[in-house]
Amino acid sequence: MPQGAVTFLGRGLAYVRGQRIVLTICPVCSQRNDPKAAERGRCLWCAYVPTPADVRAAAGDDKAA
């Protein structure tokens with residue numbers, strides 16, 4: 001899994017730290033996530049839980065390559 005800024009098939013925004021996904025903007029409902037829910041890797045608004053298979057490095061993030 002790429003490290004740093006990632007998207008989910010081009011949608012949303014998260015950060016990967018090791019094997020942990022911090023979900024900042026949900027790819028399903030497009031809402032900015034609550035910081036506590038983001039750290040748990042789950043969307044506070046629609047309960048989306050990221051699938052590691054959908055993770056893609058965010059464009060322009062040199063560390064995620």
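Applying the 6.0 Å contact sphere to CZ of Arg32 captures no more than 12 heavy atoms from other residues, nucleotides or ligands.
Pairing each heavy atom of Gly18 with each of Gln3, the nearest pair is N-OE1, 2.7 Å. Shortest non-hydrogen contact noted between Gly12 and Thr7 is O-CG2, 3.5 Å. Considering all non-hydrogen atoms of both residues, Pro50 and Gly41 come closest at CD-O, 2.9 Å.
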Per-pair distances, 0.1 Å, donor-acceptor, side chain in residues 21-28, under 3.5 Å, sequence neighbours excluded:
none

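Side-chain contacts under 4.5 Å among hydrophobic residues (ILVMFWY), followed directly or transitively, place Trp45 together with Leu44.
Inter-residue side-chain proximity for Val6 and Tyr15 is flagged as unmet; no heavy-atom pair is nearer than 4.5 Å.
A search for salt bridge (Lys or Arg N to Asp or Glu O under 4.0 Å) contacts involving Arg20 returns Glu39, not counting sequence neighbours.
Rounded to the nearest 0.5 angstrom, Cys46 SG and Gln31 CD are separated by 9.0 Å.
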